[in-house]
Structure formats: structure tokens, C-alpha cells
Amino acid sequence: MNIKRELETKVSIASGIYLNDIDIDPLTIKAIMINEVVPYDPVQDFYGVPDADYLKTTIPLLQGAGAEVMSIERF
């Protein structure tokens, strides 16, 4: 399932909104994270660069809660 295509079919294509163009298998989802504030630069989002700012704070928080998280690919 492609997140961007799925959302665009539900709410149509909107200007000024950045949707992650990623493919996921819904059966592999273990947690859902909702951003309170989307970064100005999309590469700093969860699915941006491997060392994105969001991941620098989120991964340690998840590790502190006992999750064995090393990267966005291994939640």
C-alpha cells in the first residue's frame, strides 16, 4: 500500500500538503506515530533522511520505553 496514493484517493490532491510517497505492508505495522508539527523541510520528517531531526528525538524515547529500535526501518 502506498501512503500517498491512499490518502489522495480519500481526500483528493491538495496543494501545500506534503504526503510521504512510501510503500508499506499494513500487516507489519506495530505502532502509529502522529506528528504534532510537521517539519518545514520534508527531509527532516520520519521518512526523510536516515538521521532526520525527528528520529534523533523519537528513537531514544522509544528505546527508553523498552522498544528495541535502531532506525526507522526497524521499529
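Computed over heavy atoms, backbone and side chain alike; hydrogens, waters and symmetry mates excluded. All values reported here derive from a predicted model rather than from experimental measurement.
Taken together through direct or relayed side-chain contacts under 4.5 Å among Ile, Leu, Val, Met, Phe, Trp and Tyr, V49 and I22 form parts of separate hydrophobic clusters. Criterion: ILVMFWY side-chain heavy atoms under 4.5 Å apart, direct or through other members. Under it, L55 and L61 are not part of a common hydrophobic cluster.
D25 is linked by a side chain to side chain donor-acceptor pair (under 3.5 Å) to nothing, counting only residues two or more places apart in sequence or in another chain. Qualifying side chain to side chain donor-acceptor pair (under 3.5 Å) partners for D21, counting only residues two or more places apart in sequence or in other chains: N2. Legend: residues meeting salt bridge (Lys or Arg N to Asp or Glu O under 4.0 Å) with D53, ordered by chain and number and at least two apart, are K56. Partners of P39 according to the side-chain contact (heavy atoms from CB on, under 4.5 Å) rule, which considers only residues two or more places apart in sequence or in another chain, are Q44, D45, Y54. For L7, the side-chain contact (heavy atoms from CB on, under 4.5 Å) partners at least two apart in sequence or on another chain are I3, L19.
Between Q63 and M70, some side-chain heavy-atom pair lies under the 4.5 Å cut-off.
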Intermediate values then yes/no, side-chain contact (heavy atoms from CB on, under 4.5 Å), D23 and R5: CA-CA 9 Å; D23 293 305; R5 283 194 304 267; 3.8 Å; yes
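L27 belongs to no multi-residue hydrophobic cluster, having no ILVMFWY side-chain contact under 4.5 Å with any other such residue.
Across all non-hydrogen atoms, the minimal contact from L62 to V69 is CB-CG2, 4.0 Å. Taking each heavy atom of V43 and A52 in turn, the nearest pair found is O-CB, 3.7 Å. What you find for T57 and P60 is that their closest heavy atoms are O-CD, 3.5 Å.
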